[in-house]
Structure formats: C-alpha cells, structure tokens
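The structure appears below as structure tokens.
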Amino acid sequence: MSTTIILDCDPGIDDALAIAFAAGHPGIDLAGITTVAGNVGLDKTTANALAVASFVGAANVPVTAGCAAPLLRPARHARHVHGESGLGAAVLPPPRRAARDGHAIDFIISAVAAAPGQITLVATGPLTNIALALRREPRLARWVRDFVIMGGSAGRGNVSHAAEFNIWADPEAACVVFGAGWTVRMIGLDVTLRARATAAVRSRMGEFGVLGADLLLPALARYADPSSAAPGGRSPGSPGDREPAGDPPVHDVCAVVSVVSPGIFTYTPASVQVETTGRLTSGMTVTDFSPAIIPNAAVATDIDVTGFWDEVLRTYAALAAGLR
Ligand code: RIB
Ligand code: CA
C-alpha cells in the first residue's frame with residue numbers, strides 16, 4: 001500500500017535528493033511536484049525539479065510552478081550553499097518537457113480536494129505556496145491526510161542563531177501555515193543536522209551508477225564545501241552562514257523518509273509560533289513543549305540515523321538499478 005504525496009520544494013540540492021528518494025521508494029506515489037522560490041529563483045527551482053524528475057525516471061510526474069517571492073519580503077536565496085544552478089556541481093540533461101500550465105496553489109488545492117484524506121502534503125522549501133493555498137481554500141487543512149515540513153528548529157537556526165532557512169525566507173507564510181488548524185509535522189534542524197552524508201554514505205552512493213555519479217555525488221560534493229561561499233564570503237545572517245562545516249546534512253530527504261518510515265523519527269507535541277518582527281529572531285520557530293499547551297505541531301525530536309541511511313541507501317540502490 002503506497003502513500004500518495006505532493007512535494008512542494010525549492011530544488012536545491014537536498015530537495016533534489018528528496019525527489020530521487022520519493023521517485024525510488026515503492027511505498028510512495030509521487031502525484032505531483034510544485035516549486036517555490038527559495039534556494040534559488042523560481043525559474044531555476046522549477047527547471048531543476050523538471051530535470052531531476054526526468055533523470056530519476058519520474059518524467060510523468062506533473063511539475064507546477066508556484067510563487068516567485070515570499071508573501072511580503074523580498075526573495076532571499078542560498079546560492080552560496082546550493083550553487084548558482086541550485087544543484088551544486090550536478091549537471092543533468094535538460095528536461096524534455098515544460099512545467100504544467102497553471103499555478104502550484106491551484107494544483108495543490110484541486111489534487112487534495114479530489115482525494116480528501118488521501119494525500120500527504122510535504123513541503124521542503126519556504127512555505128509561500130502552502131500559505132496561499134490555505135488562504136484560497138482553508139479546508140485544505142482538513143482535507144490532507146498529513147502535512148509534513150522540513151523546516152524550523154526547536155533549538156538553533158542555520159541562517160541566524162534563531163532561524164532555519166525555510167522559515168526565515170518567508171516567516172509570514174510560516175505564520176499562516178502553523179495557524180491553519182492542522183497539526184504540522186515539523187522535521188526541523190533538531191534532527192536533520194544529524195542526517196549527514198558521511199564519507200561512508202558517499203562511498204555507497206558511488207556504487208549507484210549514473211544516479212550516484214551524475215546526481216548524488218556531484219550535488220553533495222558542492223554542498224559539502226563550506227569554503228565555496230559566495231564571492232567575498234558570506235554576509236552575516238546569510239543562509240547557511242551557520243551551517244556547520246563537514247559532511248552535508250540531507251535536510252529535505254528526512255521529510256520524505258518520515259512519510260514511509262515513521263518509526264525513524266520520534267515526535268513531541270508542541271505549540272509552535274513563528275517570530276516575524278524580531279531584529280535578531282525573525283523566522284524563529286518558537287517551540288513550547290510544555291504539557292499545558294494546545295499543540296499545533298508534532299516536532300521531530302529524535303532520529304534513528306542508522307535506520308535513516310539504511311532506508312535511503314536501499315531506496316537509491318533500487319532506483320539506480322532501474323537507471324543503469
Ligand atoms: O534549512 C534547510 C532547508 O533550507 C532545506 O530545505 C534546504 O533545501 C533549504 O531550502
Ligand atoms: Ca529545500
């Protein structure tokens with residue numbers, strides 16, 4: 001029995017690896033990919049989603065572009081983390097198709113409305129599309145089977161001390177999303193910074209034919225190189241400014257893995273509120289675990305790292321076998 005998902009993303013290196021996992025896992029029916037500006041601009045996140053989907057054998061999955069900028073703030077990208085293209089050093093064949101006509105918001109609403117209780121919505125970029133979809137159709141919060149984000153942190157941030165990139169890029173959207181009346185399954189830095197592609201993991205990826213050689217490894221190689229900052233270095237507070245050096249964390253893959261292997265993550269109910277005005281704390285997910293609260297989120301507070309990589313590498317190996 002597979003789980004149907006729609007993946008709203010900003011490819012982005014780890015978004016690309018999340019698409020590959022979703023395409024390769026037999027327990028996932030990837031019903032659609034929607035794109036949003038984030039790591040790079042919307043033109044590139046959409047082109048990357050099309051290219052990665054084609055490369056991993058998911059050329060039949062509809063890709064629909066969404067918002068090119070946050071609700072209120074100017075677009076802020078993370079090119080020095082993901083490279084100018086958004087896929088690090090990976091260079092994929094150009095996609096042989098264009099994105100669907102229409103807007104991501106309408107795709108999400110119509111797909112979920114047509115299958116109430118059956119679709120899991122997964123967001124691995126800024127939450128602009130999700131927020132506007134909720135504004136256009138508030139019943140979306142009731143119609144989804146589940147809603148999962150890679151985003152936020154109950155502890156430290158990666159763009160600033162307080163904020164994680166996806167929330168920081170559009171805090172007003174995140175405010176709308178956490179206030180929509182559903183339970184947000186929040187896979188944040190608390191667990192994703194432990195999902196690192198170590199040398200041993202990357203060595204295994206080298207056994208996966210073109211999947212490893214043309215996508216996984218060149219993408220991660222760029223991602224792992226903290227010295228590849230934007231020319232002139234990083235301005236304080238720029239995305240990834242606080243991403244610790246070392247093995248690259250595959251943040252977004254965690255959100256998709258959580259759909260098919262719920263036991264890999266441990267969750268704690270929490271009330272999550274998003275800071276939108278703090279000079280130092282804008283984009284912070286203020287997380288209250290006290291029992292007295294009324295929870296609006298299930299926050300991932302632990303990860304079985306060994307189990308995570310077993311699941312991911314098993315899935316990539318199976319996907320690679322079909323691509324050779
Ligand atoms: O903070 C990590 C998140 O920001 C990931 O989704 C990454 O792709 C970037 O979008
Ligand atoms: Ca992302």
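Whatever order the structure lists them in is the order used to number ligands and atoms, beginning at 1.
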**Prompt:** Atoms of ligand 1 less than 4.0 Å from Phe165 heavy atoms?
**Reply:** 1 (O), 4 (O), 9 (C), 10 (O)
**Asked** So, Asp106 and Arg136, do they make that salt bridge, N to O below 4.0 Å?
**Response** yes
**Message:** Heavy-atom distances under 4.0 Å decide this one: backbone, side chain, both or neither, for Val81 against ligand 1?
**Reply:** neither
**Request:** Give the minimum heavy-atom separation between Arg97 and Ala53, together with the two atoms involved.
**Result:** NH2-CB, 3.7 Å
**Prompt:** Is the shortest side-chain N to carboxylate O distance from Arg185 to Asp146 below 4.0 Å?
**Reply:** yes
**Asked** Do the rings of Phe147 and Trp182 sit parallel, tilted or perpendicular, given the 30° and 60° boundaries?
**Response** parallel
**Item:** Reported CG-to-CG distance for the pair Leu134 and Asn129, which is rounded to 0.5 angstrom
**Value:** 11.0 Å
**For Phe21, ring-ring contact (aromatic ring centres under 6.0 Å, His included) partners two or more places apart** = His25
**Fill in**
The atoms of ligand 1 lying under 4.0 Å from a heavy atom of Asn39, numbered in the order shown, are 7 (C), 8 (O), 9 (C), 10 (O)
**Message:** Between Glu84 and Lys44, does any side-chain N to carboxylate O distance fall below 4.0 Å?
**Reply:** yes
**Request:** Can you sort out which atoms of ligand 1 are near Glu164, meaning under 4.0 Å from one of its heavy atoms?
**Result:** 1 (O), 2 (C), 3 (C), 4 (O)
**Asked** Are Glu311 and Ser261 close enough, and set up right, to give a side-chain hydrogen bond (donor to acceptor under 3.5 Å, both in side chains), and what steps lead you there?
**Response** CA-CA 8 Å; Glu311 184 74 38; Ser261 303; 3.2 Å; yes
**Prompt:** Closest heavy-atom contact between Pro126 and Asp8?
**Reply:** O-OD2, 4.1 Å
**Prompt:** Under the 6.0 Å and 45° cation-pi test, does Arg76 pair with Trp168?
**Reply:** yes
**Item:** Met150 neighbourhood, listing ligand 1 atoms whose heavy-atom distance to it stays under 4.0 Å
**Value:** 2 (C), 3 (C), 5 (C), 6 (O)
**Fill in**
Under 4.0 Å between heavy atoms, the region of Val159 that gets near ligand 1 turns out to be neither
**Complete:** Total protein N/O/S atoms sitting under 3.0 Å from the Ca ion (ligand 2), waters ignored, is 5
**Prompt:** Which of the atoms in ligand 1, numbered in the order shown and given with their element, are less than 4.0 Å from a heavy-atom of Asp252?
**Reply:** 5 (C), 6 (O), 7 (C), 8 (O)
**Item:** Atoms of ligand 1 close to Asn158 [distance to a heavy atom under 4.0 angstrom, numbered from 1]
**Value:** 1 (O), 2 (C)
